[in-house]
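Here the structure is laid out as structure tokens; the discussion comes afterwards.
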There are 2 protein chains.
Amino acid sequence: MPSRRQVTLRDVAREAGVSVRTVSNVVNDFHYVSTATREKVEEAIAVLGYRPNRSARSLRSGSTRTLGLVLPEFSQPYYAELADAVFASARTAGYKVLIETLGPDGEDAIADVVGDLAVSTDGILVSPTFLDGTTLAADDCPVPMVALTARSVDAGFDHVAMDDARGSELATEHLLGLGRRRIAVIGSAPGFARHGLTGEARYQGYLRAHAAAGVTPDDGLAVGTLEWTQGSGYEAVQELDRRGAPFDAVFAMNDLLAVGVLHALQDRGAAVPDDVAVAGFDDIAMASHLSPPLTTIDPGMRQIVDTAIRLLLERIEGTRESEGEEILVPPTLRIRASTGGPA
Amino acid sequence: MPSRRQVTLRDVAREAGVSVRTVSNVVNDFHYVSTATREKVEEAIAVLGYRPNRSARSLRSGSTRTLGLVLPEFSQPYYAELADAVFASARTAGYKVLIETLGPDGEDAIADVVGDLAVSTDGILVSPTFLDGTTLAADDCPVPMVALTARSVDAGFDHVAMDDARGSELATEHLLGLGRRRIAVIGSAPGFARHGLTGEARYQGYLRAHAAAGVTPDDGLAVGTLEWTQGSGYEAVQELDRRGAPFDAVFAMNDLLAVGVLHALQDRGAAVPDDVAVAGFDDIAMASHLSPPLTTIDPGMRQIVDTAIRLLLERIEGTRESEGEEILVPPTLRIRASTGGPA
DNA sequence: GTGAAAGCGCTAACAT
DNA sequence: ATGTTAGCGCTTTCAC
């Protein structure tokens, strides 16, 4: 609680010798206010150090000028970069951002977090690691909501997501194009449901590229990992070695896994890309600065965020009334030294 | 604005057949409410899906149960991890977190951001890359504020910070202990004010370790960089090579710089740690997964955050009335393979 | 243990 | 172009 009593509209009005209505008009750039009055009011505001009370304003107007963002945690670089993009885009639109994190394992029930956040926001962006059809419905959220993950069933809100399958297909296609025929895939694997639609789609893209090239992938080269982190990437390589399954390339389902893969390969003396080519997914800032720089999939995160916020604002303003739809943003392959591209 | 009209206390009271006062008591766990009444009210809350309106509650009570956090951007891993720590710690205390970012270069005036954020929070944590004496004063902020950076002058609020000089001294000492005598230092340098007290303190620690070991450092081995990012680390190595100044170790002022350094050394074929030992600062999650794993300084970030939040809550609750003070958290050296430690 | 009612600071409908 | 005022949903004082 502030030690000094808050300066209110009334104080400003008294100081400037006008009514609260006029001050409110000045503050909100409403209606016509004569230049002389405006200047008087602005001076009073400066003198008193007035700042509008956001709680009162929200209570009265029903709008908070705040967007909610729900994500797993900042420590995963993809989500950190996503958060920066959301802040930049929201700020441009004149909104603040209130964040809730779900914890690394999504331990908090997402519907609860969303419902709670909805009370203080005009609209919500949800970006869990994945979303299945039952986790979240539009009914859980009294304000508009846009998901930043792929859609399984129509739960009544918009989805703006990367095209996981297509990205994974691009990466695998690239590795096959280098003549690699034993491409390990790390992250998700058949019968490994932990990473939901995302893991499943990225695995399907891997299969699709093989099918298109007429190559039959060896099931023994697919390693599901509990987490998609550096440590898991490292252990996945050890697991492959344990299985005795030789491989000449690795497609890691995210860049963090790929960091662990590079580290493990270095430790056992394999040359990248000569012995093993490595590709990741996400194109985090670190990717181009690894040793060697990492070939990866740029999922178009900026475009995802900008589109999602645009849709969300349209819902908030009531200019978008259509059914919830799914927009998939096309990914781009970034070829770097880890698959023989330029250093 | 919600499509369905909001469910209010009044609605719950009507549904449960009690007064709003009673519902409020149940919601806030106040006073004595008979078990029967409590159950009736809780049932009504569940049936109607009531959620307290946070704006109204804040307006009335003067408290928002929200802490503000001001940081440069999430894309720098140190700040991402800091944000996760703040969320965890704040949540334990029953507070939400409202974040504002300053942009990578701190382009937004920090005093403005803080003043603005203060309107919707009970207290604020500020963690800019650095803070000089003139940037921010307690007067800019009507709610309690704790800075997560070192203090230059007493501006009237608490500071809880890492001990930059000591951390840097530990790292340099370690490199000197390995017998290295030409230790390049990257980030800040004499006459390079861009990184404020932080850069200055880390440079002083480097000097202090040299003095203690009776070694005179070569000024030509100090490289100031505009940013503390991977790219700058890479370019700093090129700059050293351009200067023709041989070096057998690098102390990078943060881990991101060290990533760029490792990359550059790899590109020109230098072996780490045999030819050049490398140490960083921050101990970001990535550090132990680089190739080779990076020796670095763990600044005790969790302890910094926990302490800062404890102080902030004490200020908010009015149980801490003392002058603003500075608490320095002791850093720890983490020895890894980049200086010959265990792989 | 519960009810009635005032009022937090602001916006906007209704005045003039 | 500016003034007056009701009331957003909640907490809390006062009465019972």
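Chain letters run A, B, ... following the sequence lines, proteins first, then strands; residues in each count from 1.
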Next on the checklist: Both A:Leu59 and B:Ser19 contact DNA chain C. Taking the nearest nucleotide for each, which residue is further toward the 5' end?
Outcome noted: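 Its nearest nucleotide being more 5', the pick is B:Ser19.
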Next on the checklist: Any base atoms under 4.0 Å from A:Val20, or only sugar-phosphate, or nothing? Heavy atoms, all strands.
Outcome noted: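 Result for A:Val20 = base.
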Next on the checklist: Heavy atoms only, 4.0 Å cut-off, all strands: where does A:Thr37 land among base, sugar-phosphate and nothing?
Outcome noted: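 A:Thr37: backbone/sugar contact only, no base atoms under 4.0 Å.
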Checklist entry - Given C:dT11, C:dT2, C:dG9, which nucleotide is nearest the side-chain atoms of A:Asn53? => result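 Nearest to the side-chain atoms of A:Asn53, counting from C-beta on, is C:dG9.
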Item to check | Test side chain to side chain contact (heavy atoms under 4.5 Å, CB included) applied to A:Glu314 - qualifying residues, sequence neighbours left out | outcome: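 If we apply the side chain to side chain contact (heavy atoms under 4.5 Å, CB included) test to A:Glu314, skipping adjacent residues, the hits are A:Arg310, A:Leu311, A:Thr319, A:Arg320.
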Checklist entry - So which one's nearest nucleotide on DNA chain D is more toward 5', A:Arg10 or A:Ser34? => result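 On the 5' side of the pair lies A:Ser34.
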Checklist entry - Taking B:Thr22 for the side chain and B:Val18 for the main chain, is one N or O donor matched with an acceptor at less than 3.5 Å? => result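 Checking the backbone N and O of B:Val18 against the side chain of B:Thr22, no donor-acceptor pair under 3.5 Å is found.
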Next on the checklist: Quick check against the 3.5 Å criterion: does A:Glu100 have a side-chain atom that pairs as donor or acceptor with the backbone of A:Val114?
Outcome noted: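 Side chain of A:Glu100 to backbone of A:Val114: no pair is present.
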Checklist entry - With sequence neighbours excluded, what pairs up with A:Asp154 under the salt bridge (charged side-chain N to carboxylate O under 4.0 Å, His left out) test? => result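 Expected list: A:Arg151.
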Next on the checklist: Is the shortest side-chain heavy-atom distance between B:Leu148 and B:His159 below 4.5 Å?
Outcome noted: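 Side-chain contact under 4.5 Å: no.
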Checklist entry - Side chains of B:Thr92 and B:Ser89: donor-acceptor distance under 3.5 Å anywhere? => result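 No, because no side-chain N or O of B:Thr92 sits under 3.5 Å from a partner of the opposite role on B:Ser89.
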Checklist entry - How large an angle, rounded to 10°, do the end axes of the helix from C:dG1-D:dC16 to C:dT16-D:dA1 enclose when each is built from five base pairs? => result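 End axes: 30° apart.
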